[in-house]
There are 2 protein chains.
Amino acid sequence: MADQAPSQAELVVLKQLWASGEQSAREVHDQVATVTDWSYSTTRTLLARMVQKGLVEKRDSHGLALYAAGEAKVSLIGKMVKSFSQKVLELDGSLPVSAFSDSKLLDEGELDELSRLLEEDEDD
Amino acid sequence: MADQAPSQAELVVLKQLWASGEQSAREVHDQVATVTDWSYSTTRTLLARMVQKGLVEKRDSHGLALYAAGEAKVSLIGKMVKSFSQKVLELDGSLPVSAFSDSKLLDEGELDELSRLLEEDEDD
DNA sequence: AGCATCGTGTGACAAACGTAACATAAATGT
DNA sequence: ACATTTATGTTACGTTTGTCACACGATGCT
């Protein structure tokens with residue numbers, strides 16, 4: 001249901017949320033900090049904006065704020081693939097998911113799911 | 001050698017330049033206007049910014065400004081594909097170009113060229 | 001000669017993005 | 001109890017992007 005496309009920085013956050021599920025800002029930060037050199041403030045700003053956009057859901061757990069991805073990994077990545085295919089490569093259909101088999105982001109089951117997803121809306 | 005990645009809007013302009021070669025701002029505009037609803041001013045601003053970034057080259061022809069893509073289509077698209085593969089899908093290598101065979105942007109010869117390009121720098 | 005048109009340069013302005021600092025209150029350590 | 005660390009809310013600021021408008025000079029039509 002999240003509609004907005006994530007920016008590059010936001011994608012980093014989303015990947016962390018997908019990888020480790022619901023977590024606090026501190027937890028998200030400690031992980032992404034191994035890959036970016038954001039300050040904790042930056043991580044938090046990103047989370048806040050993503051909540052606004054609906055990319056992330058915020059929940060209060062006993063006074064601590066927890067964040068989770070607003071849309072499933074396969075679903076969002078699917079949209080991004082589709083968008084890239086159409087806007088950049090000008091393909092009508094989508095890319096064959098088999099092309100992604102080496103992805104470190106999606107395992108085999110997820111690739112299958114993605115296949116189904118992409119074929120579903122072959123009628124846009 | 002153009003380094004900056006084009007934004008979505010800029011990509012539209014580039015595609016027009018690739019498709020019809022060097023042309024005036026007016027010519028670019030008349031074409032892109034069939035697909036966007038930009039004002040002529042908008043087209044011109046995009047062209048100017050793209051010249052700054054090195055995405056487009058500007059040349060004076062008898063007092064009239066002509067614009068041309070600063071980087072070949074296959075080359076730039078190749079970079080974009082590679083970037084998407086790595087940043088979004090987390091593939092080490094690149095996507096198999098065979099996946100793009102239905103592209104309206106690249107013909108068969110260009111796809112071959114792209115293949116070569118992508119394999120070349122398999123050692124980054 | 002005078003007016004409409006076209007190309008060019010320049011300025012504008014809001015939204016999105018990248019990147020953070022500051023203040024304050026609650027939790028924790030000693 | 002007091003100092004320190006932590007979490008949350010708020011504010012900030014420069015850059016990029018999307019979209020244009022305006023003013024001026026050259027060209028061309030009447």
Side-chain angles (χ1 to χ4, degrees), chain A residues 2-17 22-68 70 76 80 83-84 87-88, chain B residues 2-17 22-68 70 76 80 83-84 87-88:
Chain A
D3 40 339
Q4 302 275 160
S7 70
Q8 295 266 33
E10 291 171 340
L11 187 56
V12 172
V13 172
L14 275 179
K15 285 186 178 183
Q16 171 55 26
L17 292 176
E22 189 182 55
Q23 42 201 304
S24 69
R26 179 63 65 182
E27 289 170 321
V28 171
H29 178 67
D30 288 348
Q31 286 306 305
V32 302
T34 67
V35 160
T36 68
D37 50 352
W38 300 343
S39 77
Y40 178 53
S41 267
T42 299
T43 302
R44 281 187 0 99
T45 299
L46 284 173
L47 282 168
R49 286 183 183 167
M50 293 170 79
V51 169
Q52 286 308 303
K53 294 190 189 178
L55 281 173
V56 162
E57 272 158 31
K58 182 182 182 179
R59 182 173 77 83
D60 183 296
S61 172
H62 311 286
L64 182 62
L66 295 184
Y67 300 86
L76 215 196
M80 293 182 73
S83 167
F84 186 81
K87 296 198 190 149
V88 177
Chain B
D3 40 340
Q4 302 277 158
S7 71
Q8 295 266 35
E10 291 171 341
L11 187 56
V12 172
V13 171
L14 275 180
K15 285 187 177 182
Q16 171 55 26
L17 291 176
E22 190 183 54
Q23 43 202 302
S24 69
R26 179 64 63 182
E27 289 170 322
V28 171
H29 177 67
D30 288 349
Q31 287 306 304
V32 302
T34 67
V35 159
T36 68
D37 50 353
W38 299 343
S39 78
Y40 177 53
S41 268
T42 299
T43 302
R44 281 186 2 96
T45 299
L46 284 173
L47 281 168
R49 287 180 183 171
M50 293 171 80
V51 168
Q52 287 307 304
K53 295 189 189 179
L55 280 173
V56 163
E57 272 158 32
K58 181 183 184 180
R59 182 173 77 84
D60 182 295
S61 172
H62 311 287
L64 182 62
L66 296 184
Y67 300 86
L76 216 197
M80 294 182 72
S83 167
F84 186 81
K87 297 199 191 148
V88 177

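In the text below, chain A, chain B and the rest are named by the order of the sequence lines, each starting its count at 1.
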Checklist entry - Can you list every ring-ring contact (aromatic ring centres under 6.0 Å, His included) pair that touches residues 28-65 of chain B, not counting sequence neighbours? => result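 Non-adjacent pairs meeting ring-ring contact (aromatic ring centres under 6.0 Å, His included): B:H29-B:Y40.
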Going by side chain to side chain donor-acceptor pair (under 3.5 Å), name the residues that satisfy it together with [X], two or more places apart in sequence or in a different chain.
| X | answer |
| --- | --- |
| B:S39 | B:T42 |
| A:T36 | none |
| A:S24 | A:E27 |

Protein-nucleotide distance ([X], atom [atom1]; [N], atom [atom2]), rounded to Å:
| X | N | atom1 | atom2 | result |
| --- | --- | --- | --- | --- |
| A:L47 | D:dT10 | CG | P | 16 Å |
| B:H62 | D:dA26 | NE2 | P | 19 Å |
| A:H29 | D:dT8 | NE2 | C1' | 16 Å |
| B:L64 | C:dG9 | CG | C1' | 15 Å |

Checklist entry - Base, sugar-phosphate, or nothing: which does A:A48 touch, judged by heavy atoms less than 4.0 Å apart? => result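 Nothing, no heavy atom under 4.0 Å.
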Checklist entry - For B:A65, which contact category applies under a 4.0 Å heavy-atom criterion: base, sugar-phosphate, or nothing? => result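 The answer is sugar-phosphate, as B:A65 gets under 4.0 Å only of primed atoms, P, OP1 or OP2.
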Checklist entry - For A:A65, which residues count as a side-chain contact (heavy atoms from CB on, under 4.5 Å) partner, sequence neighbours excluded? => result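 By the side-chain contact (heavy atoms from CB on, under 4.5 Å) rule, A:A65 matches A:K58, A:Y67.
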Checklist entry - Can you tell me if the side-chain N/O atoms of B:K58 get under 4.0 Å from OP1 or OP2 in C:dG9? => result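 Yes, because at least one side-chain N or O of B:K58 sits under 4.0 Å from OP1 or OP2 of C:dG9.
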Checklist entry - Where along nucleotides 11-21 of chain C does protein come under 4.0 Å, by heavy atom, of base (B) or sugar-phosphate alone (S), with - for untouched nucleotides? => result BB----BBBBB
Item to check | Expected output: side-chain A:K87 to main-chain B:V12 donor-acceptor under 3.5 Å | outcome: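 Answer holds: no.
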Checklist entry - Of the nucleotides D:dT8, C:dT8, C:dG9, which has the atom closest to the B:Y40 side chain? => result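 In terms of side-chain proximity for B:Y40, the closest of D:dT8, C:dT8, C:dG9 is C:dT8.
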